[in-house]
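Worksheet: the structure to be examined is printed underneath.
One is the number of the first residue; the rest follow in order along the sequence.
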Amino acid sequence: MDEAYQLLLVAGRFDFLGCAVLALFGGIRPEEVQRMDWSLVHIDDKVIEIPEHISKIHVAREIPINPTMLAWLSLCYREAGPIVEPTNYDDRFDDWRVAAGVTEWPHDALRKAFASHHVAAFKNPDETARQMGHIGGLRTLYKYYVIFVRETVAGKYWALQPSAVPTASAEVAA
């Protein structure tokens, strides 16, 4: 949870707040976020659309916009345009991670954070897997993504909120 906090804290400086929010609180693959446009984020309907041409497995899905995600989206949402600027994506991603003080970065770290905290807080691994775009049971979810997180820690993760006065660095209140 502390690393998620730090990533959110500095994400705006690297144009990664939208990417961070969709990955940390929606479980969306970074590769999918890179192909997404803000027009797929339906704030009024509280749903994010992942069309089949964007989905890794070429199966369309919807992801509910939960209250935590909604609070963060209010800082970065736009009507249209790319969620994250593709220019120098990998370099900016690394700079973002380093600026947040995150030294170890396991494969799929953002999705692992989502999966682990979602399962611990909401006790519905089928829904977690569905949101992440996994098909064919829970094996992939548990084998590659879920690590043990105490329910109290997961509750704090889902309670991460931006402060009342957002800044370019998107201050966070827990």
Side-chain angles (χ1 to χ4, degrees), residues 1-11 14 16-36 40-41 46-73 83-84 86 89-160 172 174:
M1 186 191 72
D2 292 338
E3 290 177 340
Y5 172 92
Q6 292 302 321
L7 288 164
L8 290 164
L9 190 65
V10 300
F14 300 91
F16 272 99
L17 188 55
C19 180
V21 170
L22 296 183
L24 288 168
F25 302 120
I28 301 173
R29 295 175 179 93
E31 300 82 15
E32 294 171 338
V33 174
Q34 289 178 64
R35 295 189 292 267
M36 289 177 64
L40 298 171
V41 178
K46 292 193 174 74
V47 69
I48 297 169
E49 177 184 351
I50 309 292
E52 62 187 36
H53 71 276
I54 288 177
S55 169
K56 176 185 174 184
I57 60 172
H58 305 289
V59 175
R61 70 185 189 276
E62 284 187 344
I63 297 166
I65 296 176
N66 57 62
T68 305
M69 187 190 303
L70 185 61
W72 286 99
L73 286 174
I83 301 282
V84 64
Y89 177 91
D90 291 335
D91 291 337
R92 288 184 305 112
F93 191 95
D94 289 342
D95 291 344
W96 168 46
R97 182 183 54 76
V98 169
V102 179
T103 54
E104 292 187 33
W105 193 263
H107 182 68
D108 284 331
L110 300 174
R111 283 172 50 85
K112 286 178 182 176
F114 169 82
S116 300
H117 291 91
H118 197 271
V119 166
F122 303 113
K123 309 285 190 247
N124 189 343
D126 289 313
E127 177 58 16
T128 304
R130 187 201 65 74
Q131 286 187 38
M132 293 178 71
H134 293 170
I135 57 175
L138 300 176
R139 181 183 165 102
T140 299
L141 179 70
Y142 281 104
K143 184 174 181 180
Y144 297 107
Y145 295 99
V146 175
I147 60 171
F148 175 75
V149 172
R150 289 187 330 272
E151 188 175 348
T152 56
V153 172
K156 291 176 183 176
Y157 179 91
W158 291 104
L160 287 174
V172 182

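- Rounding to the nearest 0.5 Å places CE of Met132 at 11.5 Å from CD1 of Ile57.
- In this structure, CD1 on Ile63 lies 6.5 Å from CE on Met69, to the nearest 0.5 angstrom.
- Counting non-hydrogen atoms of other residues, nucleotides and ligands closer than 6.0 Å to OH of Tyr144 gives a total of 12 or fewer.
- Here the closest non-hydrogen pair linking Ala159 and Thr68 is N-OG1, 4.5 Å.
- Atom NZ of Lys46 is separated from atom CD of Glu62 by 14.5 Å, given to the nearest 0.5 angstrom.
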In a table with atom names and distances, give each donor-acceptor pair under 3.5 Å that connects a side chain of residues 89-96 to protein atoms at least two apart or in another chain.
residue, atom, partner, partner atom, Å
Arg92, NE, Thr87, O, 2.9
Arg92, NH1, Phe14, O, 2.7
Arg92, NH2, Glu85, O, 2.2
Arg92, NH2, Thr87, O, 3.4
Trp96, NE1, Leu7, O, 2.9

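- Note: Phe25 CZ to Leu8 CG = 5.0 Å, rounded to the nearest 0.5 Å.
- Every residue meeting the side-chain hydrogen bond (donor to acceptor under 3.5 Å, both in side chains) condition with Glu49, not counting sequence neighbours, appears here in chain and number order: His42.
- Shown here are the side-chain hydrogen bond (donor to acceptor under 3.5 Å, both in side chains) partners of Arg35, two or more places apart in sequence or in another chain: there are none.
- In this structure, the side-chain hydrogen bond (donor to acceptor under 3.5 Å, both in side chains) partners of Arg61, at least two apart in sequence or on a different chain, are Glu32.
- For the residue pair His118 and Thr128, a side-chain donor N or O sits within less than 3.5 Å of a side-chain acceptor on the partner.
- Within the structure, no pair that satisfies the salt bridge (Lys or Arg N to Asp or Glu O under 4.0 Å) test touches residues 133-147, not counting sequence neighbours.
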Checklist line | Stepwise side chain to side chain contact (heavy atoms under 4.5 Å, CB included) test for Tyr145 and Val119 | finding: CA-CA 10 Å; Tyr145 295 99; Val119 166; over 6 Å; no
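- For the pairing with Tyr157, the side chain to side chain contact (heavy atoms under 4.5 Å, CB included) check across Thr152, Leu24, Val149 returns one residue only, Leu24.
- The minimum heavy-atom distance between Ala129 and Leu138, with the atom names listed, is CB-CD2, 3.9 Å.
- Here the shortest heavy-atom pairing between Leu160 and Ala4 reads CD1-CB, 4.4 Å.
- Looking at Trp158, its side chain does come within 3.5 Å of a backbone N or O of His117 through a donor-acceptor pair.
- Across every non-hydrogen atom of Val84 and Gln34, the tightest pair is CG1-CA, 4.0 Å.
- The CD1 atom of Ile65 sits 5.5 Å away from the CG atom of Leu73 when rounded to the nearest 0.5 Å.
- The line from CD of Glu3 to CH2 of Trp105 is 8.0 Å long, rounded to the nearest 0.5 Å.
- The two atoms that bring Leu141 and Pro125 nearest to each other are CD2-O, 3.5 Å, heavy atoms only.
- For residues 102-130, every residue pair satisfying the salt bridge (Lys or Arg N to Asp or Glu O under 4.0 Å) rule, not counting sequence neighbours, is listed here: Lys123-Glu151, Glu127-Arg130.
- Nearest heavy-atom pair, Ile48 versus Leu22, reported as atom, atom and distance to 0.1 Å: CD1-CD2, 3.3 Å.
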